[in-house]
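Heavy-atom basis, side chains included; hydrogens, waters and symmetry copies ignored. Naming convention: chains lettered A, B, ... in sequence-line order (proteins, then strands); numbering from 1 in each chain.
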Amino acid sequence: MHNETPYNFSELESKWREYWEKCGLFRMQPDSAKEKFYCLVMFPYPSGTLHVGHARNYVLGDVVARYKLMKGCNVLSPMGWDAFGLPAENAAIKENIHPAVLTSNNIAAMKRQLLSWGTGYDWAREVTACNPDYYKWTQWVFLKLWKKGLAYKRKAAVNWCPSCATVLANEQVVDGCCERCDHAVMQKDLEQWFFKITDYAQKLLDDLERLEHWPERVKTMQRNWIGRSEGVRVDFRMESTGELLPCFTTRPDTLYGVTFMVLAPEHPVIETLVVGNPRKEEILRFVEKARNESLIERSAANAPKEGIFTGHYAINPVNEEKVQLWIANYVLMEYGTGVVMAVPAHDQRDFEFARQYGLPIKVVIQPEGESLSPDAMKEAYTGDGVQVNSGQFDGLPNRAAMEKILERMERMNQGKRDVSYKLRDWLISRQRYWGAPIPIVYCKKCGTVPVPEADLPVLLPDIKDFRSTKGSPLAKVEDFINTRCPQCGKSARRETDTMDTFVDSSWYYLRYLSPKDDKRAFDSGTVNKWLPVDQYIGGVEHAILHLLYSRFITKVFYDLGLVGFQEPFQNLFTQGMIIKDGAKMSKSKGNVVSPEAIIKKYGADTLRLYLLFIGPPEKDAEWTDRAVVGGFRFLTRLWQKVIRHADELRPVKKWEGDVTSLPDDSRRIYRATNRVIKEVTKDIESSWHFNTAIAVVMALFNQVERFEAGDTVSKQVLRHALEGVTLLLSPFVPHICEEMWKTLGNEPTIFRQAWPSYDEEAAKQEQLEIVLQVNGKVRGRLAVSPDAGEDEIKAMALDDEKVKAFIDGKTVVNVISVRQKLVNIVVK
RNA sequence: GCGAGGGUGGCGGAACUGGUAGACGCGCUAGAUUUAGGAUCUAGUGGGUAACUCCCAUGGGGGUUCGAGUCCCCCCUCUCGCACCA
C-alpha cells in the first residue's frame, strides 16, 4: 500500500465543515413543507472546556440530526449557552477576571470545540443567557408569573450555602450539601422570591403519564420529588386556648393511638406557648439549637431524635383525649402543617421518641393472630390488623376503619381529606451578581411594583468590585438601586436579588425559534408549529431540576394561552456517563479526557466513531485511551479501499439489477450489503444502538475489502457496497464520508442524499446453517437452503456423520426442530 | 431501609420472541515486511487438555425445559435515585 493518497483527516475535516456552513446544511427552513424535526441537546454551561463526556452528548444529537436530514426532514438543531451562574462568578473572583469576560472567553473556546467535532447547528439561532437580548425575556417570564400570582416574596426558612453566600432551591441541595460546592447547607430565615410551582404539583405529576417516551427512571425521580400522599387534615386543639392545631396524617386508623403531639422547631405557635412559661428559657434554647442544625445533621436517616415538652396539651378531636405537646427536631415545618400526631405504637419514629422520653404507647391495631403489648414492643407495628381501643370502631379491619373514621370526622367537622406534597415552591432569589436582575421596584408609597414590560431589560450593571463577597453585590451599586417608581414616579429602590439560572434554562427551547425578535420572547404560532421538541438529549443529572422547571414554565405558558402544548419535550434521551478510572469525569478528580489530543492525532471522525462504538448510549461506559486507535484503523482501511478503486468505479453505476443474475462472489457481497443496510437502519430506528450498527458495517467491510472487482458487473456491486457503507456511516463519521462520497464521483453533500434503502429479496440468506444438537449439546452443523422442508432437514440431521457418532447404540426418543435454526435429537 | 438498573474473556462490549455464548473492537501471541522502532499485512486468541469431534464456562446456589446468559425461587455484589415526608 505505497504511493496512495493518505487519509489526511485534518485537512479534509475542516474543508467539509466550511462547506456545510456555506451551504447552510443545518439552517432550519422556516417555509419548508418538509416534516419538521426539532432535535435539541441541553445547552452547556460555559465552564471552560468540554471533555469527551460532553462530546458523547453532542455527537449523539448530531447523529440524530444528520440521520433525520437524510430521511428528508426539515431539521432544527440549535445551540446556545446557559451563561449565567455561580461558577463563573466564583471563578471570576478567584482569577480576578470579570465574569462577563470569563464567560465570553469560555464560550469562544467551547464553540471552537463544538465546531471541531463536526457537530452541526443552526448557529444563526444561537442564544446566550447572559446577553440582555435574552435575559430581557427571562425577566419578562418573571413578570408573566408575577401577574398570574405565581411569583411572590415571603419570609421563610430557606437553604443557605455559607460558602456560595447565597440561598439555594430545595432541588439544589443534595444530601444536605450544596449541589455546586458540597458545603453543608444551613437554614436561614430570609425574605425571598419564589415561583409557586406547588400550584402545579398535581398537573406535573399527572402529566408524567403522557410522557411515554421518557425514561421510566426520570419519571420515577420526578414522582418521588413531587411526593404526593393522600391523607387527612385533623383539627387538634390547644387545651389552653382552644386554638386549632391542624395536622396531616396518612393513617386516620391510628387516631385513637395518639399519645402525644410534636411541633417542628420552626412552628409559629411556639412563640405563644412560651409566654409566661416557667421553662421558657430552656424551650427557646432547644428551639434555637434545633434550628441551627445543618440540613445534613437534621435530615440524616438515623439522626438522633431530640425533643422538649412545652408544658402545654392538645385535645384529640376523635376521643377528646388530652395529650402532651412537644417540640422535636425530627418534625419538618415544610411538610404538612409542621405538626405531627404521634402514634408510637404504629409509627417507628414516634416509637423511638416515646421510648426515649418515657411517653405512653397505646396499641390500636392488633395484627392477626398476635397480641401486641406496649411494654413488650421492640418496634412500631406498621402493618394491617384489627382496630382495638378505638371506641366504636373496635373490631373493624383497619383498612375499613380508615374510611369510617374519616367519614365520621368529616361529619363532625373534626377534619377532612387532604393531599400533601413534598414538592415546595421554587426559590428563585440569589444574592449574587451573575444572573438576571429580578424586575421589581420597591416604592414607599406603592409597595412592591413590577417593572413594566416596556422598561425591560433591567440591565445588570457592570460592576468593578465583583470580588467582594459580603452581601448582595447589586445592593452596593447606588446607580442601580436608586430608581423611580413606575407607578407614582417617586424615588424608589430596585430589588437587588438576581434569578436562579434555572429560570434562564426553563424556557430557552422556545427562544431558539426567534432568537433575534426584540418585540417578544417568542412567537406563539411558530412555537406551536415546532414544539414539543421531537428529541431532547442530555444528562440524567437534570432529571429533576431543569426538566421539572421547564415542564412547569410550559404549563404556566399554556394556561396563559401563550403556547398550545402542555409538555415541552416529547422524547427524552438521557445518555450515560463516560467513566474514567472508575469515576465520573470531573476537574476535581483529575480524570478528564480532553478530545483535543485525540482529534489532533486521529481526527474528529475517529473520536466520534469511538464515542459511538464504546457501548449503547444510554449506558455508562468506561473510557480506554488505547482502544481509540481501532476506529482510526478502520477508517484508514476504508479510505484506502475507496481511493484505490475510485478511478475504476467512477464511470460505473451501482448495481441495482436482479440478485440472482450475479455470479457467486458478487452475489455474496451484494446480499451482505443489503442485509447490513437493513440492520443498521433498524438499529438506528428502534434503539439507537450505534455500537452494533457500526459493528455490522465493520464486518461487512471486512468482507468487501477482500473483494476485488474485475468486470463491470462486479464493479457495480463494489460501488453499491462502498456507497452503501459510506451512506450508512455518514451520520457517525460525516467528514470522511462526505469526502469518499465525492471521491466516488457523487455530488456533495451526502447529507442531502436519501438514506439507503435495501431490497428485501436481496437481503435473504441463500444458505442457512442449521445447528445439530444431541441432548441439547452442539454436535454438528448443516448447510441447507431456506426452502428445505422440516422432514428433509430432520432426515439429514439423523444422517450426519458427527451426529451418528453420538446417537449410535442409543434410542432416539424425540427430534425437535426449530425452523431455520436447529435440530435437537433427544436420545436415551 | 425502599425503588430502579447492572454483574458475560485480560479490557470495552455482542447475543431478536428461551435455540451456535463471546459479534465488532482493544490488547495479547506467532509469522511477514522493515536497518531498528512504529505503522501495515497474515494467522491465532474464554478456560482445561499432549490433542480432540472431548470436558468446563455468562456473580453463587437451586428449579422449569429436549434446550437457560435469557424464565421462576433464594443469596452475594456494584451503580444510581429516594430516605425521620407524619
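- Atom-to-atom, NZ of K802(A) to P of U20(B) comes out at 18 Å; the value is rounded to the nearest Å.
- Between A51(B) and U45(B), the distance separating the two P atoms is 14 Å to the nearest Å.
- For the side-chain hydrogen bond (donor to acceptor under 3.5 Å, both in side chains) test, no residue two or more places apart in sequence or in another chain qualifies with E679(A).
- Nucleic acid contact class of E352(A) (heavy atoms, under 4.0 Å, all strands): none.
- Counting non-hydrogen atoms under 4.0 angstrom, R781(A) reaches a base of the nucleic acid.
- For the P atoms, the distance linking C71(B) with G18(B) amounts to 9 Å, nearest Å.
- Here, C11(B) and G47(B) have their P atoms 12 Å apart, quoted to the whole Å.
- A57(B) and U20(B) have their C1' atoms separated by 15 Å, with the value rounded to a whole Å.
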### Task
Test ring pair (Phe, Tyr, Trp, His ring centres under 6.0 Å) on F632(A) and W639(A) and set out the steps.
CA-CA 10 Å; F632(A) 181 69; W639(A) 170 261; over 10 Å; no
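- In this structure, CG of D620(A) is placed 14 Å from C1' of G13(B), rounded to the nearest angstrom.
- Qualifying side-chain hydrogen bond (donor to acceptor under 3.5 Å, both in side chains) partners for D235(A), counting only residues two or more places apart in sequence or in other chains: R233(A).
- For K804(A), the side-chain hydrogen bond (donor to acceptor under 3.5 Å, both in side chains) criterion is met by D799(A), not counting sequence neighbours.
- Remark: K305(A) is positioned above the aromatic ring of Y330(A), its terminal NZ or CZ atom under 6.0 angstrom from the ring centre and at most 45 degrees off the axis.
- Among the atoms of the strands shown, only primed sugar atoms or phosphate atoms (P, OP1, OP2) are found under 4.0 Å from some heavy atom of F806(A).
- The phosphate of C56(B) has OP1 or OP2 within less than 4.0 Å of a side-chain N or O from K777(A).
- When each of A86(B), C24(B), A83(B) is scored by its nearest atom to the side-chain atoms of A699(A), the top-ranked nucleotide is C24(B).
- Going from atom CG of L772(A) over to atom C1' of G19(B) covers 13 Å, rounded to whole Å.
- Looking at R355(A) and E379(A), no side-chain N of the basic residue comes within less than 4.0 Å of a carboxylate O on the acidic one, giving no salt bridge.
- Side chain R779(A) to base U53(B): no donor-acceptor pair is found below 3.5 Å.
- With sequence neighbours excluded, the residues that form a side chain to side chain contact (heavy atoms under 4.5 Å, CB included) with K821(A) are V818(A).
- For F613(A), the listed nucleotide lying nearest its side chain is C24(B); candidates were U20(B), C24(B), G81(B).
- Here the P atom of nucleotide C41(B) and the CZ atom of R644(A) are 10 Å apart, to the nearest Å.
- For the contact set between residues 681-693 of chain A and RNA chain B, defined by any heavy atom under 4.0 Å, the members are N691(A), T692(A).
- Q773(A) contributes no side-chain N or O that forms a donor-acceptor pair with the base of U20(B) under 3.5 Å.
- Taking every side-chain heavy atom of Y335(A) into account, A86(B) is the closest of A86(B), A14(B), G19(B).
- By the salt bridge (charged side-chain N to carboxylate O under 4.0 Å, His left out) test, E766(A) pairs with R667(A), R671(A), sequence neighbours left out.
- In this structure a side-chain-to-backbone donor-acceptor pair under 3.5 Å is present from Q222(A) to A543(A).
- The 5' end of RNA chain B is approached more closely, in terms of each residue's nearest nucleotide, by I614(A) than by the other of V340(A) and I614(A).
- A gap of 28 Å separates the P atoms of C74(B) and A86(B), to the nearest Å.
- Taking atom P in both G10(B) and G59(B), the straight-line distance is 13 Å, to the nearest Å.
- Contacts classified as salt bridge (Lys or Arg N to Asp or Glu O under 4.0 Å) and involving residues 603-621 of chain A (residues at least two apart or in different chains) are given here: D62(A)-R608(A).
- At a threshold of 4.0 angstrom between heavy atoms, the contacts of R223(A) with the nucleic acid are absent.
- A search for side chain to side chain contact (heavy atoms under 4.5 Å, CB included) contacts involving F613(A) returns I694(A), A695(A), M698(A), not counting sequence neighbours.
- In this structure, the nucleotide among A86(B), C41(B), G19(B) sitting nearest to the side chain of R637(A) is C41(B).
- Put simply, R633(A) has a side-chain N or O that comes within less than 4.0 Å of OP1 or OP2 on U40(B).
- Here K678(A) pairs with E760(A) under the side-chain hydrogen bond (donor to acceptor under 3.5 Å, both in side chains) rule; sequence neighbours left out.
- In this structure, A627(A) reaches the sugar-phosphate backbone alone: every heavy-atom distance under 4.0 Å involves primed, P, OP1 or OP2 atoms, never a base.
- With sequence neighbours left out, R251(A) forms a side chain to side chain contact (heavy atoms under 4.5 Å, CB included) with T249(A), D253(A), T254(A), I365(A), N398(A), M402(A).
- To the nearest whole angstrom, the two C1' atoms, one in A15(B) and one in U53(B), are 25 Å apart.
- Separating the CG atom of L635(A) from the C1' atom of C24(B) is a distance of 14 Å, rounded to the nearest angstrom.
- In this structure, N57(A) contributes its side chain and G539(A) its backbone to no donor-acceptor pair below 3.5 Å.
- The distance from atom CD1 of I579(A) to atom C1' of C80(B) is 11 Å, rounded to the nearest whole Å.
- At a threshold of 4.0 angstrom between heavy atoms, the contacts of N702(A) are confined to the sugar-phosphate backbone, with no base atom among them.
- Considering only the side chain of R217(A), C80(B) comes nearest among C80(B), C41(B), C66(B).
- The glycosidic torsion of G13(B) lies more than 90° away from 0, placing the base in the anti range.
- Of the residues in residues 821-828 of chain A, those placing a heavy atom less than 4.0 Å from an atom of RNA chain B are K821(A), L822(A), N824(A), V826(A), in numerical order.
- A stem is defined here as three or more consecutive Watson-Crick or G-U pairs, each with both distances under 3.5 Å; for RNA chain B these stems are B:1-7 with B:76-82, B:10-12 with B:24-26, B:27-32 with B:40-45, B:46-48 with B:54-56, B:59-63 with B:71-75.
- Between R706(A) and the phosphate of U42(B), there is a side-chain N or O to OP1/OP2 separation shorter than 4.0 Å.
- Ring-plane geometry between H546(A) and H542(A) is classed as perpendicular, the angle between the planes exceeding 60 degrees on a 0 to 90 degree scale with a lower cut at 30.
- Residue order along RNA chain B, read from the 5' end via each residue's closest nucleotide, puts V818(A) first among V818(A) and M221(A).
- A distance of about 15 Å separates the C1' atoms of G69(B) and G46(B), rounded to the whole Å.
- Listed nucleotides: G12(B), A21(B), C26(B). Nearest to the side chain of E622(A): G12(B).
- Using a 4.0 Å heavy-atom distance criterion, K619(A) is classed as making no nucleic acid contact.
- Following rounding to the nearest Å, F634(A) (CZ) and C41(B) (P) show an atom-to-atom distance of 13 Å.
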